[in-house]
Amino acid sequence: MRMKALCAAAAGLVWAGSAAAVSPDAYDIPYVGASYLVEFPDSQRESDDGQGFSVFAGMSLADYGYSRWAAELTFHDLGRERNIDGNKDYQRGLMLDLVYDFGTFGWGENAQSGPAFKPFVLGGIGAVQEDVRGEKGEYFGANLGAGLLFPLKWWGSAIRFESRVLTQLNDETVPEEDLLIDYRVGLGLQVPLTPFFTPSESAAEPAQECEVAVVDPSTGRTDCGTDSDRDGVADGRDECPLTPSGTPVDARGCPVDTGNDEDGDGVANDADSCPATYRGLSVDAKGCVVDQTAVLPGVNFDYDAASLTSEAKGILQSVSRTFKNQPGLSSEIVGHTDSKGTDGYNITLSEQRAQSVRQYLIGHGVDASRLSASGAGKTQPRFDNANDGGRAQNRRVEFKLDAQ
């Protein structure tokens, strides 16, 4: 009866949400699966290795502000042959686990773009039922585990490999032993519940139609947009908009250093009134930064964090020199997040990210009165939040620069 009650309660928790973290990227919905198990039991039982199966169901906790976490309910059933008489013992368990997804790794962002895998770890508690030599008992159990998910190209399914360590407080199965520890590995198949839930990317987005198409002569790529600064790079790909007319630029639309322009802003050294300007910012004919809203590539943040990466710190050191050489320049620093998590959580996180940038610049000699910080949370996405790449670019900081 205790096992049935726990099953009913845990099942209610698993189906209370609407998304899954440990799943192929385009199928962030509840999922189910089954695995074949091999068990290496505690040697105190004097039995052979066990074999059996497990079934599981899971959902994401992103709606509660924990984007990489999921809750899973797992039931396993296995048998093992006793060395003493050749008969079988049995074990059944029902565990409620928390799972942490480390994201997609490999040669593509998901199963559709190339081979990929997702590592994860898990841990949880539940009930274990032991049937040893005909004597049944139910005990408290806890397990820890880790695994890999290999997305397939069919309907969001994935191959799942995992290993677990199961401990149980059991002073009845083996005399004078209060704690039994079993190890098991599993290999199985996981599938999303697409008949009941809609994947975030279940259908390919239709090709954009635009009034003006800019075609890259090298790659043949077509972008919807215009070339506002007429540097040959479409606005959608131009990392240095409003480059002064006639300035040589690279494939990113940023000025090329010709040897007479140390800061690469398109203004020669002898005419540059604001030297050491960060490369990529729009400047006037004197080489000084003009009013603009800039997102600096590389000033990003790790998932669910506000600490600056080493790459971001290197970029911000150069930005601090821009402020020092242009005393009239000030900026509002606005933090942004992706769409995962609650509104309140994302506002707080985005404010923390903006403050991290502001404090770093202050620590490198920029007067605090010239910098303010605020957070917009997930309210102003610039890219598609339905995929990992878009979400990463939305985790950004914008500089609203004011050149007085």
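Every value quoted in this text rests on a predicted model; they were computed, and no experiment measured them.
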Next item on the list: Fit a plane to each ring of F117 and F150, take the angle between them on a 0 to 90° scale, and name the class: parallel (under 30°), tilted (30 to 60°) or perpendicular (over 60°).
Entry: tilted
Notebook entry, point to check: Residues in salt bridge (charged side-chain N to carboxylate O under 4.0 Å, His left out) with D367, at least two apart?
Noted result: none
Check: Residues in salt bridge (charged side-chain N to carboxylate O under 4.0 Å, His left out) with E398, at least two apart?
Finding: R396
Notebook entry, point to check: Among all residues two or more places apart in sequence or in another chain, which pass the side chain to side chain donor-acceptor pair (under 3.5 Å) test with S43?
Noted result: none
Checklist line | Set of residues satisfying salt bridge (charged side-chain N to carboxylate O under 4.0 Å, His left out) with respect to E39, sequence neighbours excluded | finding: R80
Margin query: Between K313 and E311, does any side-chain N to carboxylate O distance fall below 4.0 Å?
Written below: no
Check: Is there a donor-acceptor contact under 3.5 Å linking the side chains of Q129 and Y90?
Finding: no
Checklist line | Test side chain to side chain contact (heavy atoms under 4.5 Å, CB included) applied to E332 - qualifying residues, sequence neighbours left out | finding: V334, S372, S374, K400
Note to self: Checking D48 now: which residues fulfil salt bridge (charged side-chain N to carboxylate O under 4.0 Å, His left out) with it, not counting sequence neighbours?
What the structure shows: none
Margin query: Assess whether a salt bridge exists between D101 and R68, defined as any Lys/Arg side-chain N lying under 4.0 Å from an Asp/Glu carboxylate O.
Written below: no
Note to self: Ignoring hydrogens and geometry beyond distance, is a side-chain donor-acceptor pair present between N170 and D178 at under 3.5 Å?
What the structure shows: no
Note to self: Whether the N385 and R391 side chains hold a donor-acceptor pair (N or O, under 3.5 Å, no angle test) is what I'd like checked.
What the structure shows: no
Notebook entry, point to check: Side chains of D182 and Q91: do they bring a donor and an acceptor to under 3.5 Å?
Noted result: yes
Notebook entry, point to check: Do D272 and K286 meet the salt-bridge criterion of a basic N to acidic O distance under 4.0 Å?
Noted result: no
